[in-house]
Amino acid sequence: MYNKKVRVRFAPSPTGGLHLGGVRTVLYNYLFARQHKGDFIVRIEDTDQSRYVPGAEEYIFNCLKWAGLEPDESVIQGGNYGPYRQSERKPLYRKYADQLVADGHAYYAFDTPAELEKMRADFKTEQNPSPQYDRHIRTKMRNSLTLPQEEVKALIASGTPYVIRIKMPEEQIVSFTDMIRGEVSFNTSVIDDKVLLKADGMPTYHLAVVADDYLMEITHAFRGEEWLPSSPVHVLLWQYLFGLDKMPQWAHLPLILGPNGKLSKRDGAKYGFPVFAMNWTDPKTNELTEGFKEKGFLPEAFINMLALLGWNDGTGQEIFTKDELIEKFSMKRVHSGGAKFDYEKAKWFNREWIKQLEPAKLREQVKQVFAAANIPAADDILLDQVILLVKERCDLLTDFVEQAAFFFRAPEAYDLDAVKPKWNENKSLFFVEMIRNFELAAVWNATDLEHNFKEIAAANHLKPGEVLLPFRIMLVGGKFGPHVFDIAALLGRGETISRIKHFLSLL
RNA sequence: GGCCCGUUGGUCAAGGGGUUAAGACGCAUCCCUUUCACGGAUGAAUCACGAGUUCGAUUCUCGUACGGGCUACCA
């Protein structure tokens with residue numbers, strides 16, 4: 001299908017938590033690479049040194065590892081196209097910027113931040129609330145287009161800080177074919193002269209993404225829709241530097257929206273659902289933002305849910321394994337419109353995955369959740385039986401605590417209100433007799449337990465319903481859980497009897 | 001303000017000239033279950049609006065409205 005080996009990249013900026021949309025971008029990259037037997041690269045876009053956040057890079061890789069979307073090449077795996085951190089590639093970019101200047105596609109600009117600020121203030125009107133450094137303004141600024149050549153040379157020689165800006169051509173239509181939305185075009189007259197190389201010698205995203213995609217032989221570039229407005233800059237740079245025929249195919253992914261528009265970090269706290277893949281603690285403020293992992297999501301469910309947020313295979317199938325996604329994913333079937341994230345649906349995906357996964361596949365994750373809640377569950381065989389019994393009533397892995405804690409320790413509280421009002425001497429006598437019966441029972445399984453229980457109830461002129469709920473509360477503490485005799489069977493004779501005795505003493 | 005992208009039930013969405021406009025989540029009712037769930041059944045609920053093209057537009061074109069994104073020496 002493609003004559004070159006497919007190479008895609010995810011290029012995060014390590015400035016904080018990894019958001020839903022980011023993981024979905026990773027996913028689509030990953031699926032596309034796997035489907036085409038290509039390479040998936042992670043390149044760290046850390047050209048803004050002022051936004052450096054310690055730990056963010058490591059955090060991103062931890063998230064990818066958890067989600068099962070690990071790259072083939074990155075700062076971790078290495079590769080033949082390194083370094084994979086743009087800050088370490090700094091010397092590479094300058095020559096491209098210089099070449100653009102030499103070819104007349106870019107120029108030096110000496111305006112200080114204060115001067116730029118003044119420009120924006122001076123030219124700001126109601127009609128134009130955010131003036132651009134564009135073809136009109138650049139004639140009024142201090143740059144190599146307006147200054148005499150000697151002065152430019154002198155300024156550079158004296159070490160005056162400067163940036164290199166692209167010189168946007170006039171009245172040119174720049175267009176390209178986006179894999180998701182078809183042909184997209186822009187008029188260069190309304191685009192400003194973006195900075196390509198900053199005063200500190202670092203490239204901006206615009207230069208870096210083009211140079212690195214070229215150097216790393218990227219064939220397909222997928223990124224969020226928020227990049228669409230700057231894509232003409234990138235197309236022009238490709239044209240000037242490397243030729244349009246070498247440019248990767250672009251796909252601008254639709255945005256994932258929150259309940260009130262763009263999904264922001266704050267939405268998580270506000271609406272009670274996570275936005276990050278994993279817990280993220282801001283090193284400056286120490287503020288913790290909860291992640292899907294810690295909230296109790298399975299990675300299988302998480303990527304399944306993300307894959308369907310903007311894509312579907314057209315058949316109505318919603319539950320997909322990673323391998324199925326690799327086989328069936330298609331960029332052409334990705335929606336062009338943004339999708340509002342629905343936490344209820346996300347939980348449904350998780351519930352489906354919990355239901356269909358074998359207890360052994362759930363065991364380690366349930367153990368972690370139990371450990372965090374101080375629930376002693378050392379016996380794997382017992383744990384697997386418990387998981388099997390309760391998993392269909394769990395949306396999240398953390399629900400296992402509530403649903404299964406009573407298997408491992410006696411209830412801390414009892415729903416006495418559900419029992420007391422209807423309690424009587426007859427019921428007390430029944431349970432005393434049940435204790436005797438349990439003590440003498442030859443076998444201990446759910447079927448026989450239930451049989452005996454009902455028989456004795458009948459002999460005591462009690463309807464099963466009158467004593468079933470009290471029995472449940474004795475064992476569980478509340479009105480929930482699997483079939484009560486399954487619980488008793490798993491709890492064992494000693495524990496069952498002891499819980500009945502304890503409860504009777506409370507009445 | 002300008003530019004760009006988008007718009008099928010509350011949400012995710014199939015369908016791309018003629019359909020009773022799929023399906024899923026959620027919601028409601030019922031069945032199953034002497035708990036809570038699972039499961040099953042049923043139901044309410046959708047083509048933003050206006051023109052045009054056409055014998056016929058949810059589907060194609062153009063406007064309008066609405067939503068979103070971008071508009072930094074951030075990515």
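Below, read A as the first sequence line, B as the second, and so on, with proteins coming before strands; counting in each chain starts at 1.
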Q: Identify, with sequence neighbours excluded, every residue that meets salt bridge (Lys or Arg N to Asp or Glu O under 4.0 Å) alongside Lys118(A).
A: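 Here the qualifying residues are Asp122(A).
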Q: Just jot down the salt bridge (Lys or Arg N to Asp or Glu O under 4.0 Å) partners of Lys454(A), sequence neighbours excluded, or say none.
A: Glu450(A)
Q.
Would you say NZ of Lys347(A) has more than 12 non-hydrogen atoms from neighbouring residues, nucleotides or ligands within 6.0 angstrom?
A. yes
Q | Glu225(A) CD - rA75(B) P separation (whole Å) | A |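 For the pair Glu225(A) CD and rA75(B) P, the rounded distance is 20 Å.
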**Q.** Asp200(A) CG - rC73(B) P separation (whole Å)
**A.**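 The distance from CG of Asp200(A) to P of rC73(B) comes to 13 Å, rounded to the nearest Å.
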Q | Side-chain N,O (Thr47(A)) to OP1/OP2 (rA75(B)) below 4.0 Å | A |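 For rA75(B), OP1 or OP2 has a side-chain N or O of Thr47(A) closer than 4.0 Å.
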Q. What residues form a side-chain contact (heavy atoms from CB on, under 4.5 Å) with Asp46(A), not counting sequence neighbours?
A.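 So Asp46(A) forms a side-chain contact (heavy atoms from CB on, under 4.5 Å) with Pro14(A), Ile44(A), Arg85(A), Gln86(A), Ser87(A).
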Where the side chain of [X] is defined as all heavy atoms beyond and including C-beta, which of [options] is the nearest nucleotide?
| X | options | value |
| --- | --- | --- |
| Lys198(A) | rA75(B), rG68(B), rA37(B) | rA75(B) |
| Asp48(A) | rC74(B), rA14(B), rC12(B) | rC74(B) |
| Leu116(A) | rU7(B), rC73(B), rA75(B) | rC73(B) |
| Glu226(A) | rA72(B), rG68(B), rC70(B) | rC70(B) |
| Leu255(A) | rG69(B), rC5(B), rG1(B) | rG69(B) |

Q.
Walk along nucleotides 23-36 of chain B from 5' to 3' and tag each nucleotide B, S or - by protein heavy-atom contact under 4.0 Å, base first, then sugar-phosphate.
A. -BBS------SBBB
Select base, sugar-phosphate, or nothing to describe what [X] touches, counting heavy atoms under 4.0 Å on all strands.
| X | result |
| --- | --- |
| Pro161(A) | nothing |
| Arg181(A) | sugar-phosphate |
| Lys347(A) | nothing |
| Val163(A) | base |
| Ala339(A) | sugar-phosphate |
| Arg223(A) | nothing |
| Ser336(A) | sugar-phosphate |
| Thr125(A) | nothing |
| Phe186(A) | sugar-phosphate |

(Q) Need to verify one output field. Residue with the more 5' nearest nucleotide on RNA chain B, Gly310(A) or Val184(A)? (A)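 Mapping each residue to its closest nucleotide by heavy atoms, the 5'-most match is Val184(A).
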Q. If you pin Glu183(A) and Asp111(A) to their nearest nucleotides in RNA chain B, which one's is more 5'?
A. Glu183(A)
Q: Determine, for Trp423(A) and Lys420(A), whether the Lys NZ or Arg CZ falls below 6.0 Å from the six-membered ring centre while staying within 45 degrees of the axis.
A: no
Q: Tell me whether the guanidinium CZ or amine NZ of Arg165(A) lies under 6.0 angstrom from the six-membered ring centre of Tyr133(A) and within 45° of its axis.
A: yes
**Q.** Salt-bridge present (Asp48(A), Arg51(A); N to O < 4.0 Å)
**A.**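 Yes, charged N to carboxylate O under 4.0 Å.
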Q. Taking the chi torsion of rC60(B), is it syn (within 90° of 0) or anti (everything else)?
A. anti
Name every donor-acceptor pair, under 3.5 Å, that has one atom in a side chain of residues 406-418 of chain A and the other anywhere in the protein, sequence neighbours excluded.
| unit_1 | atom_1 | unit_2 | atom_2 | d |
| --- | --- | --- | --- | --- |
| Arg409(A) | NH1 | Asn374(A) | O | 3.3 |
| Asp415(A) | OD1 | Ala418(A) | N | 3.4 |

Q) Between Tyr59(A) and Phe276(A), how do the two ring planes meet: parallel, tilted or perpendicular, split at 30° and 60°? A) perpendicular
Q) Reading RNA chain B 5' to 3', what string of ( ), [ ], | and . shows its pairs, if Watson-Crick and G-U wobble pairs count only when both distances fall under 3.5 Å? A) (((((((..(((.....[....))).(((((.......)))))....(((((..]....))))))))))))....
**Q.** Working for ring pair (Phe, Tyr, Trp, His ring centres under 6.0 Å), residues Phe222(A) and Tyr28(A)
**A.** CA-CA 8 Å; Phe222(A) 311 143; Tyr28(A) 288 2; 8.4 Å; no
